[in-house]
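Each remark here refers to the structure printed beneath this line.
Residue numbering restarts at 1 for every chain, and letters A, B, ... go by the order of the sequence lines.
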2 protein chains.
Amino acid sequence: MTAKTVLIVDDEASIREMIAVALEMADYRVLEADNAQAAHAMVVDDQPDLLLLDWMMPGTSGIELARRLKRDTATAELPIILLTAKSEEDNKIQGLEAGADDYITKPFSPRELVARLKAVLRRATPTGVEETVEIDGLRLDPVSHRVSANGEALDVGPTEYRLLQFFMTHQERAYTRSQLLDQVWGGNVYVEERTVDVHIRRLRKALGDDHQHLIQTVRGTGYRFSTKE
Amino acid sequence: MTAKTVLIVDDEASIREMIAVALEMADYRVLEADNAQAAHAMVVDDQPDLLLLDWMMPGTSGIELARRLKRDTATAELPIILLTAKSEEDNKIQGLEAGADDYITKPFSPRELVARLKAVLRRATPTGVEETVEIDGLRLDPVSHRVSANGEALDVGPTEYRLLQFFMTHQERAYTRSQLLDQVWGGNVYVEERTVDVHIRRLRKALGDDHQHLIQTVRGTGYRFSTKE
DNA sequence: CGCTAATGTGACGATTTCGTGACACCCGGC
DNA sequence: GCCGGGTGTCACGAAATCGTCACATTAGCG
């Protein structure tokens with residue numbers, strides 16, 4: 001799973017720091033901004049997956065930023081969690097009406113924060129379209145998460161599964177190891193290129209004699225999935 | 001799926017309006033009533049699928065209406081979500097005892113409302129549609145709320161029951177822990193993902209050696225219910 | 001036919017994921 | 001208050017998976 005990015009917007013550096021530490025321990029990427037203008041720019045540029053927004057800030061208030069983001073279709077889907085002090089509880093109505101997805105009152109435990117953040121992300125992330133692919137008797141079904149050859153189930157590991165899925169939906173084209181690492185492993189991972197070879201090997205083995213010819217090595221370049229010779 | 005009908009009961013027109021807009025955007029049919037008497041009539045006449053009920057209303061209170069509806073077998077199955085102000089939190093117990101299926105404190109975001117409404121509708125036993133499921137000698141009877149294997153009764157807790165019911169009505173599909181939390185626990189809970197594992201474990205144990213193979217773990221993803229393999 | 005670079009392959013330790021038992025907590029019933 | 005079932009969380013170990021290496025094999029070239 002690729003790490004989600006969270007943008008923390010608060011004018012107090014100490015609070016940002018505390019939250020950042022908690023989130024980083026929970027494996028989130030963290031961005032910070034100390035005012036609404038900077039935050040808005042970062043939302044546009046860095047496209048975080050979630051916004052942690054302080055209610056009270058000098059200049060443009062948090063709620064104003066929330067309202068603005070929700071009005072713009074490009075950013076309307078961005079989940080927002082508002083942070084407020086206990087005494088400001090009355091403002092909750094405005095906050096949620098402005099489009100916030102959740103609302104946390106200070107003080108809060110890091111753990112609570114992470115939990116609610118997870119919940120919001122879970123609700124916000126739409127499940128992609130999944131179609132089963134079948135090629136030459138080889139079938140991959142994303143719904144049941146199974147791979148079968150001529151009806152017989154094959155045992156493939158998670159990485160081999162993703163690799164095969166990528167190949168089956170991108171046939172007839174050669175990919176370099178680097179491209180495969182990007183597409184299958186997901187962008188920013190540091191892994192040896194030769195690791196791809198090993199997983200290709202494992203996938204071929206799993207496919208068995210009947211189908212391993214589908215994965216062809218393109219010498220000097222990388223690999224290709226193809227039914228043709 | 002035919003659109004579900006939701007009856008909103010609140011004496012403040014502005015609140016009804018806000019909710020109505022949110023629900024219509026989410027593809028629900030919406031009915032409105034501003035007092036308990038009218039609401040009762042509409043429940044009988046229009047048979048909505050769910051009731052959104054304000055706690056505080058002039059005349060017959062929301063809770064009184066809820067109690068009344070739950071007493072009548074004709075309307076007892078109707079899911080009810082209570083709306084209350086934060087300060088009335090203490091009354092939560094009474095609300096749930098009166099038969100409400102969920103409980104939302106104002107203010108709330110439209111998104112939250114829709115999420116919990118979905119969850120309630122999902123969990124709610126849609127009157128009449130409940131059929132007993134039997135798979136591979138394993139039988140789940142929603143009417144008596146019992147599970148049996150080859151005629152022998154099994155002892156499963158409430159959560160395990162819902163989990164099993166969900167699985168039996170959604171075979172051959174791999175679900176992530178997140179999805180299971182959404183579907184079985186309801187989208188608004190903040191629970192660790194690993195908790196799913198524990199309940200899977202409890203369910204497997206309850207199913208016994210004969211049937212625990214039906215619940216399969218999909219490494220790196222989650223779980224699946226299937227007779228195959 | 002040798003040589004070299006690229007790829008195949010088996011093994012291995014490190015890491016991740018999952019299963020499992022224990023435990024603390026909540027809440028309703030007694 | 002005490003008890004007991006139900007629930008969520010944790011810690012630990014087992015198992016699967018991953019990334020890397022060393023070495024074998026192969027393809028392409030002169």
Side-chain angles (χ1 to χ4, degrees), chain A residues 1-3 25-27 109-112 114-116 118-119 145 147 154-164 174-178 180-181 184-186 188-209 212-213 215-224, chain B residues 90 92-99 103 123 145 147 154-164 174-178 180-181 184-186 188-209 212-213 215-224:
Chain A
M1 189 188 304
T2 57
M25 286 200 340
D27 259 351
S109 70
R111 182 175 183 170
E112 180 189 3
V114 171
R116 300 180 67 161
K118 260 191 209 165
H145 211 271
V147 179
L154 299 184
D155 185 32
V156 301
T159 304
E160 283 72 57
Y161 178 89
R162 292 200 309 276
L163 188 57
L164 180 59
Y175 291 92
T176 65
R177 291 169 178 74
S178 173
L180 289 173
L181 283 177
V184 178
W185 274 253
N188 31 8
V189 283
Y190 107 94
V191 171
E192 293 291 326
E193 294 209 337
R194 289 300 311 275
T195 297
V196 175
D197 295 28
V198 178
H199 282 278
I200 289 281
R201 148 78 175 154
R202 287 170 180 159
L203 180 53
R204 278 173 170 158
K205 192 186 248 180
L207 293 187
D209 296 336
Q212 64 177 20
H213 66 277
I215 296 178
Q216 303 160 0
T217 101
V218 184
R219 205 151 235 274
T221 304
Y223 299 93
R224 172 180 54 208
Chain B
D90 295 342
K92 185 167 180 178
I93 301 178
Q94 294 177 50
L96 293 178
E97 277 182 351
Y103 188 94
R123 272 175 300 178
H145 216 265
V147 181
L154 298 184
D155 183 32
V156 300
T159 304
E160 283 70 57
Y161 178 87
R162 291 200 311 277
L163 188 55
L164 181 59
Y175 291 94
T176 65
R177 291 168 177 75
S178 273
L180 290 173
L181 284 177
V184 178
W185 274 253
N188 54 313
V189 288
Y190 312 116
V191 171
E192 293 291 326
E193 296 206 337
R194 287 298 309 273
T195 298
V196 174
D197 296 29
V198 177
H199 284 277
I200 289 280
R201 148 83 175 148
R202 289 169 180 161
L203 180 52
R204 276 174 172 159
K205 194 186 247 181
L207 292 186
D209 295 337
Q212 64 178 16
H213 66 277
I215 296 178
Q216 303 160 359
T217 103
V218 183
R219 274 238 153 203
T221 302
Y223 297 93
R224 172 181 54 209

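- Atom CD1 of Ile215(B) and atom C1' of dC18(C) are 15 Å apart (whole Å).
- In this structure, Arg219(A) has no side chain to side chain contact (heavy atoms under 4.5 Å, CB included) partners at least two apart in sequence or on a different chain.
- In this structure the side chain of Arg204(A) reaches within 4.5 angstrom of the side chain of Thr217(A), judged on heavy atoms.
- Closest heavy-atom contact between Val156(A) and Ala206(A): CG1-CB, 3.7 Å.
- The residue among Thr221(A) and Ile200(B) whose nearest nucleotide of DNA chain C lies closer to the 5′ end is Thr221(A).
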Sugar-phosphate or base contact per nucleotide [nucleotides 11-22 of chain D; S, B, -; heavy atom under 4.0 Å]: -----SSBBBB-
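- At the heavy-atom level, Tyr223(A) lies under 4.0 Å from the strands shown only through sugar-phosphate atoms.
- Across the protein-nucleic acid pair, Leu203(B) atom CG and dG19(C) atom P stand 12 Å apart, rounded to whole Å.
- Nearest heavy atoms, Val184(B) versus Leu163(B): CG1-N, 3.7 Å.
- Between His199(B) and Trp185(B), the ring-plane angle classifies as perpendicular under the 30° and 60° cut-offs.
- For Lys205(B) and Arg204(A), each mapped to the nucleotide of DNA chain C holding its nearest heavy atom, the one lying further toward the 5' end belongs to Arg204(A).
- Partners of Val218(A) according to the side chain to side chain contact (heavy atoms under 4.5 Å, CB included) rule, which considers only residues two or more places apart in sequence or in another chain, are Ala174(A), Thr221(A), Arg224(A).
- The CD atom of Gln216(A) sits 12 Å away from the P atom of dG8(C) (whole-angstrom rounding).
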